[in-house]
There are 2 protein chains.
Amino acid sequence: MARRRRPGPRRALSEEMILDAALDLLDEGGSAAASVRSIAARVGVAPNAVYTYFPSKAVVLQGVVERILGEVEHDTVVDAARPWRERVESLALHLRERVLAHPAAVPLMVGGPMDGRNALTLNEQLLELLCDAGLTPTDAARASYLLVVYVFGSMALNVAHGPDSGPLPPEADRVAARRDRFAAIPAESFPRSAAATDTIASFVTTEQFLWGLRRLLDGITAQA
Amino acid sequence: MARRRRPGPRRALSEEMILDAALDLLDEGGSAAASVRSIAARVGVAPNAVYTYFPSKAVVLQGVVERILGEVEHDTVVDAARPWRERVESLALHLRERVLAHPAAVPLMVGGPMDGRNALTLNEQLLELLCDAGLTPTDAARASYLLVVYVFGSMALNVAHGPDSGPLPPEADRVAARRDRFAAIPAESFPRSAAATDTIASFVTTEQFLWGLRRLLDGITAQA
DNA sequence: ACCTGAACACCGTTCAAGT
DNA sequence: ACCTGAACACCGTTCAAGT
């Protein structure tokens with residue numbers, strides 16, 4: 001089935017080089033920096049040459065998402081001998097860590113299809129885990145969707161306030177920035193929100209992420 | 001403290017008119033249709049006249065988000081006499097229904113600050129509800145964040161696959177579209193995902209939303 | 001103070017032409 | 001088949017000028 005291809009001049013690039021360039025630009029300058037023109041410039045071709053490799057910018061960005069999800073080493077992180085809840089937790093924590101390394105890509109994930117090979121692999125592993133836990137296939141599928149919504153939803157809200165360029169600041173700085181942001185809540189109109197400022201500021205932490213994840217797992221097991 | 005303003009010619013517009021135009025365009029043509037230029041055209045002024053009312057496009061879109069969140073009639077939906085779980089459920093369902101009426105606005109909410117007056121009002125009401133349920137202020141704040149992540153996260157993933165224009169199709173059509181999309185999963189590589197196609201297709205339904213919400217409430221009460 | 005015309009510095013994408 | 005120059009139809013935003 002091996003078809004010969006491209007009889008013309010050797011191609012100067014590869015899909016991978018374009019995805020690399022796009023991801024680098026995304027990491028360095030945020031979503032606005034990853035234009036077709038700047039991607040092309042970085043790999044040293046004219047803007048329209050990109051369309052030899054990808055049909056549109058949207059497909060390039062989809063490829064970037066897939067590349068990031070591919071960086072999640074699905075199997076090595078999760079020790080099959082441990083209890084299933086711990087396995088889910090370490091998978092979720094690892095996924096979150098890997099994705100938050102590319103903050104500008106989070107909106108692309110939440111806003112796009114997420115039905116590529118690596119996304120499916122991730123989902124498949126989660127399903128396996130939940131079936132091992134004794135859930136029916138239907139409940140496992142529902143629960144995995146719930147977990148996906150939580151992991152990606154929390155990342156999206158985490159990233160929402162931050163700057164649109166560069167890597168994610170350290171956790172302490174993000175908490176401080178959030179506290180500043182919510183310190184101005186008028187206590188007379190929103191007494192409970194104002195009183196909870198410190199807790200609200202901590203929503204961007206891994207600790208709060210784990211708290212929510214555990215409540216979610218509690219809910220799933222209570223159901224089973 | 002009433003300060004006199006604008007000694008020049010009477011302003012032809014108001015902030016509200018601009019927000020109306022922006023929301024209409026968003027609803028009719030998706031996020032790409034709500035450009036500063038098209039907003040200006042709809043209200044009958046030159047593009048740069050918009051900058052007399054708002055400092056930037058981002059602030060206009062923030063205003064649109066606030067307007068939508070203001071459409072949620074916080075109090076009337078939730079009967080204070082009912083058990084707190086039911087009150088949370090009806091608040092979440094109502095919020096979801098109101099927001100999904102404007103699919104193109106969902107990414108704006110998940111991607112932006114969400115710290116306006118109406119967003120705070122919503123959060124305050126949720127906090128009150130959870131405190132009534134017996135949670136400590138800290139746990140109530142954490143739980144409300146968990147609920148917000150879930151409600152907005154699930155909407156974002158729901159809207160992600162759909163077309164970028166017009167109102168959200170009826171639920172049955174969205175399920176069918178999703179089934180088509182995931183019917184192509186190769187069963188040899190992803191056996192569990194392929195077997196769960198029907199369940200996966202149903203993720204966009206209100207029923208599945210409620211299922212997840214209830215697991216979440218189970219987890220929160222198990223903690224308390 | 002509010003609005004305009006014109007311009008600046010960008011976009012994504014297409015097309016005819018070269019090799 | 002791959003790449004280029006040039007163009008098309010857009011963007012958000014700024015600025016000087018009018019009233």
Side-chain angles (χ1 to χ4, degrees), chain A residues 2-23 25-26 28-65 104 107-108 111-112 163-165, chain B residues 2-23 25-26 28-65 104 107-108 111-112 163-165:
Chain A
R3 297 191 160 276
R4 64 183 165 79
R5 288 182 182 180
R6 47 192 165 80
R10 277 285 185 273
R11 32 164 50 185
L13 311 167
S14 67
E15 281 85 355
E16 280 69 30
M17 289 169 68
I18 290 172
L19 294 180
D20 280 340
L23 182 52
L25 288 164
L26 222 46
E28 293 164 15
S31 61
S35 67
V36 174
R37 295 175 122 97
S38 60
I39 293 170
R42 172 156 297 217
V43 293
V45 295
N48 43 2
V50 172
Y51 292 86
T52 309
Y53 298 85
F54 294 94
S56 70
K57 181 188 181 182
V59 177
V60 175
L61 296 179
Q62 240 183 319
V64 170
V65 166
L108 301 178
D164 191 31
S165 70
Chain B
R3 297 191 161 276
R4 64 183 165 78
R5 288 180 183 182
R6 47 193 164 80
R10 276 283 186 272
R11 31 164 49 184
L13 310 168
S14 67
E15 281 85 354
E16 280 69 30
M17 291 170 69
I18 290 172
L19 294 180
D20 280 341
L23 182 52
L25 288 165
L26 222 45
E28 292 164 15
S31 60
S35 66
V36 173
R37 294 174 122 96
S38 60
I39 293 169
R42 172 156 297 216
V43 293
V45 295
N48 43 3
V50 173
Y51 291 87
T52 307
Y53 298 85
F54 295 94
S56 70
K57 183 188 181 183
V59 176
V60 175
L61 296 179
Q62 239 183 319
V64 170
V65 166
L108 301 179
D164 190 31
S165 70

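Below, all heavy atoms of this structure are taken into account, side chains as well, without hydrogens, waters or symmetry copies. Within every chain, numbering begins at 1; the chains are lettered A, B, ... in the order of the sequence lines, protein sequences first and strands thereafter. Please read all numbers here as calculations on a predicted model, not as lab measurements.
- Between C:dA7 and D:dC11, the distance separating the two C1' atoms is 14 Å to the nearest Å.
- Nearest to the side-chain atoms of A:Tyr53 among the listed nucleotides C:dG12, D:dC2, C:dC3 stands D:dC2.
- A close approach under 4.0 Å does occur between a side-chain nitrogen or oxygen of A:Arg11 and OP1 or OP2 of D:dC2.
- Here the side chain of A:Ala12 is nearest to one of C:dT4, D:dC3, D:dG12, namely D:dC3.
- Nearest-nucleotide assignment on DNA chain C puts the 5′-proximal partner with A:Ala33, out of A:Pro55 and A:Ala33.
- Note: CG (A:Leu25) to C1' (C:dC11) measures 15 Å, nearest angstrom.
- The nucleotide whose nearest atom lies closest to any side-chain atom of A:Ala46 is, among D:dC3, C:dC3, D:dT4, D:dT4.
- Put simply, the residue from B:Val36, B:Val50, B:Ile39 that forms a side chain to side chain contact (heavy atoms under 4.5 Å, CB included) with B:Lys57 is B:Val36.
- Atoms CZ and CE, from B:Arg11 and B:Met17 in turn, are 10.5 Å apart once rounded to the nearest 0.5 Å.
- Among all heavy-atom pairs drawn from A:Ser31 and A:Leu26, the shortest one is CA-CD1, 3.6 Å.
- Here C:dG12 is the nucleotide among C:dG12, C:dC3, D:dC3 with the atom lying nearest to any side-chain atom of A:Tyr51.
- Side-chain contact between B:Tyr53 and B:Leu19 is absent, with no heavy atoms from C-beta onward closer than 4.5 Å.
- Atom NZ in A:Lys57 sits roughly 8 Å away from atom P in C:dT13 (whole-Å rounding).
- When each of B:Leu13 and B:Arg37 is assigned the nucleotide of DNA chain C bearing its nearest heavy atom, the one mapping closer to the 5' terminus is B:Leu13.
- Residue contacts shown for B:Phe54 are absent, as no nucleic acid heavy atom lies under 4.0 Å away.
- With rounding to the nearest 0.5 angstrom, the CD atom of A:Glu15 is 10.0 Å from the OG1 atom of A:Thr52.
- Considering only side-chain atoms of B:Ala49, the nucleotide from D:dC11, C:dC3, C:dT13 that sits closest is C:dC3.
- Base pairing of C:dA7 is made with D:dT13, judged by Watson-Crick or G-U wobble geometry with both donor-acceptor distances under 3.5 Å.
- Both distances falling under 3.5 Å, in either a Watson-Crick or a G-U wobble arrangement, place D:dG18 opposite C:dC2.
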